[in-house]
Amino acid sequence: MTSSLSPPAITPSYDFNSPQLPFILHRLECCKSMEELKQIHACIIKARPLQTQLVLDKFLSCALSTLGSLDYAQSFFSQIRNPNLYAYNAVIRGFSRSKNPMQSLLFYGEMLEKGFCPDNFTIPFLLKACAELRTLREGEGIHSQSIKNGLVWDVYVRNTLMRMYAVCGVTGAAQKLFDESCHRDLVSWTTLIQGYVENGFPGQAIQVFLEMSMTKLKADGKTMVIVLSACSELGDLDLCRKIHSYIQDNKVYLDLFVENALVDMYLKCGDIDSACRLFNSMPKKNVVSWNSMILGLTQQGEFKEALLVFRSMQRDGAEPDDVTLVGVLNSCANLGVLELGKWVHAYVDRKGIRADGFIGNALVDMYAKCGSIDQAFGVFKNMQHRDVYSYTSMIAGLAMHGEGERALDLFSEMSRVGMKPDEVTFIGILTACSHVGLVEEGRQYFEDMSRVYKLKPQIEHYGCMVDLLGRAGFISEAEEFIRKMPIEPDAFVWGALLGACRIHGKVELGERIMKKLVEIEPEKDGTFVLMSNIYASANRWRDAVKVRKAMKERKMKKIPGCSLIELNGMVHEFRKGDKSHPKTKEIYKMLDEIMSRLRQEGYVAHTMSALLDVAEEEKEHALCHHSERLAIAFGLISTSPGTPLRIVKNLRVCSDCHSVTKFISKVFRREIIVRDRNRFHHFRGGSCSCKDFW
DNA sequence: ATAGGGTTAG
């Protein structure tokens, strides 16, 4: 009986004969607004025949998951007269899927107080909530309750227990449950495999999968997606092909998820051709398919290809998301193509996406690597949430631009706001010190790294220190530093010292280091180039030539110098002595003009860097056609006076090109920004931001 | 009525 003063009550029944029932269920399925839900609520109260378990369950889950209104669901529940276990389970499930899974556990407490016992449905809902909350304590409590109730033998209970343990990082407990079970289904195997992948044991995951393939069970798409992600992480191409054959042999249905995971796997394992073939054969693609290609190519260093895929994505009319944009920005950063990077920034603004988080960090990195350090700083300052990545990108950016002091200021700001630096932050800091010759500060930071911040220096940090000391002329200290290193010095560490030998003309030490380097990486040309540079600087031309000859005899492939310049969104690429550009004639005419203007201004070529034992005139000629000069000449004839030129070079700038560029910046009144392998050079009015310290 | 799905940086 319902009095007019108390709220109307709902009495659930198991009567499924009401003709209105399918209609109300359909309305609940489609319900998207609170208004609509309230109307349905009224209908249910008015019509007793609608008060069935199924309707109440659907009503609660709609209120909880679709509309997220926990209060409303609870007040609805309180109207149910004598709620049974089914009704409690419905609420617990609803809460476990909601934004506030804790409610699920609290509500379970109420249920126990009312004298109800959990059943094989209650436990999986609760465990899902525990997994969501990463609360091992509560999870273990439910584990012991399910043992007491004998529910632990239920395969659903067991699988959700395994999932809960895996999510909480206790793969051992998941494995134990798995080993002890007498009935394992595909979900049990998949859950165990996933647990290993998510906790950083992809090898173990594959082991478990191989074990499973010995049983009668056949994997489905969901299992394969996880197995494929384990393969990507391992980067083992042979294994990839085996797993791919398993999919074909067992006729696992290739849905979009599996196809995307396959594309991702092939790219991460470096088989770009297979990835492209698969991708092109896909009948339907979603944004993740495109993202897998773009990010995968970026990670493989195929930046131009990544941008080409982005263009076809746009032609295809697919809408990019933030992951796409991060990949595109990353490629822009690596290629140094500012125009496209700016376009992405404008796109982000237009879409009303905040330049924060991933996107913000990618923008900071892009602007810094494209030479617009001020823009990078602007984005950085506007970010609401700055994390270690943001600070590290900014610090590394400033370091690259030779703004050592500003980088160090930012580092102090980091500790002021309580942001803990990590290993990569210190690479930025040490590089900053190195580029501006702040030796004392560098030593201090290196020490603080382990003493104050409890971070273990890695080989890269030792490399930075050798560079810092050697570059500043503390050669014997650098040698001593290498001797005392707790880890075996690698090619980068020795390379840094060899670089110092070039700057400071240390021929004998250079020879010793060269011997070591040739042992460590005999195929690398950089060592030989540096050594012949060292000889040349000491005017030992004969030796310089000998090294060059040795290179030729070893049939070493030299990395060809290459410079990029971006004009109106088009990337122009020049190699040394390149004559393939449509404007070659004009470019070389401009080069001649540059050289004669420079000679009038008193320029003398640094022929020693030409490293060729040929007539002086020829040496100068060879230098003239270094790729960056072609790019600069092309920039000069293609832009209006005063436009800054931005060049990206794959190798270090040679000292002759460095002084030529200084001259050009003065004579032609152009700001020229060159990014070389190591850092940025801002040329303006005849001098360079690196203050010739590079 | 219940459990397992791919891509995100310095």
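A, B, ... follow the sequence lines: proteins, then strands. Residue 1 opens every chain.
Atom CG in Leu177(A) sits about 13 Å away from atom C1' in dA3(B), given to the nearest Å. Here dA3(B) presents its C1' atom at 15 Å from CG of Asn89(A), a figure rounded to the nearest Å. Here dA3(B) presents its P atom at 12 Å from CD of Glu132(A), a figure rounded to the nearest Å. Atom CD1 of Ile142(A) is separated from atom P of dT2(B) by 19 Å (rounded to the nearest Å). Here the P atom of nucleotide dG10(B) and the CD1 atom of Ile359(A) are 13 Å apart, to the nearest Å. If you take CG of Asp264(A) and C1' of dT8(B), they are 12 Å apart, rounded to a whole angstrom. Protein atom CD of Glu29(A) is 13 Å distant from nucleotide atom C1' of dA1(B), rounded to whole Å. dA1(B) atom P lies 12 Å from atom CZ of Arg97(A), rounded to whole Å.
Side-chain atoms of Thr392(A) come within donor-acceptor range of the base of dG10(B), with a qualifying N/O pair under 3.5 Å. Under 3.5 Å, the side chain of Ser393(A) and the base of dG10(B) form no donor-acceptor pair of N or O atoms.
How far OG of Ser274(A) is from CZ of Phe279(A): 15.0 Å, rounded to the nearest 0.5 Å.
With dA9(B), dG4(B), dA1(B) as the candidates, the nucleotide lying closest to the side chain of Arg163(A) is dG4(B). Proximity note for Thr191(A) (side chain, C-beta onward) versus dG4(B), dG10(B), dT2(B): the nearest is dG4(B).
Remark: Glu132(A) does not engage Arg163(A) in a salt bridge, criterion side-chain N to carboxylate O under 4.0 Å.
His461(A) meets the side chain to side chain donor-acceptor pair (under 3.5 Å) test with no other residue; sequence neighbours excluded. Partners of Phe178(A) by ring-ring contact (aromatic ring centres under 6.0 Å, His included), not counting sequence neighbours, listed by chain and number: Trp189(A).
Residue pairs meeting the salt bridge (Lys or Arg N to Asp or Glu O under 4.0 Å) criterion with at least one member in residues 179-195 of chain A, sequence neighbours excluded: Lys176(A)-Glu180(A).
With contacts defined as side-chain heavy-atom distances shorter than 4.5 Å, the pair Gln299(A)/Leu267(A) does not qualify.
Within 4.0 Å of Leu186(A), counting heavy atoms only, lies at least one base atom of the nucleic acid. In this structure, Thr223(A) reaches the bases: a heavy-atom distance under 4.0 Å links it to at least one base atom across the strands shown. Residue Asn361(A) is in base contact, counting any heavy-atom pair closer than 4.0 Å across all strands shown. Using a 4.0 Å heavy-atom distance criterion, Gln299(A) is classed as a sugar-phosphate-only contact.
At a cut-off of 3.5 Å, with distance as the only test, no side-chain donor of Ser331(A) or Asn334(A) sits close to an acceptor on the other residue.
OP1 and OP2 of dA1(B) both lie 4.0 Å or more from every side-chain N or O belonging to Lys58(A). Applying the 4.0 Å criterion to OP1 and OP2 of dG10(B), one finds that Asn330(A) has a side-chain N or O inside that range.
Residue Phe492(A) qualifies as open at atom CZ: its count of foreign heavy atoms under 6.0 Å is 12 or below.
Using modelled atom types, one side-chain atom of Asp321(A) and one backbone atom of Val323(A) make a donor-acceptor pair closer than 3.5 Å.
Both geometric conditions, a ring-centre gap below 5.5 Å and a plane tilt below 30°, are not fulfilled together for Tyr389(A) over the base of dG10(B).
Near-neighbour residues of DNA chain B inside residues 152-161 of chain A, defined by a heavy atom below 4.0 Å, number-ordered: Tyr156(A), Asn159(A), Thr160(A). Contacts between residues 424-431 of chain A and DNA chain B, counted as heavy-atom distances below 4.0 Å, involve Val424(A), Thr425(A). Non-hydrogen atoms lying under 4.0 Å from DNA chain B are contributed by nothing in residues 371-379 of chain A.
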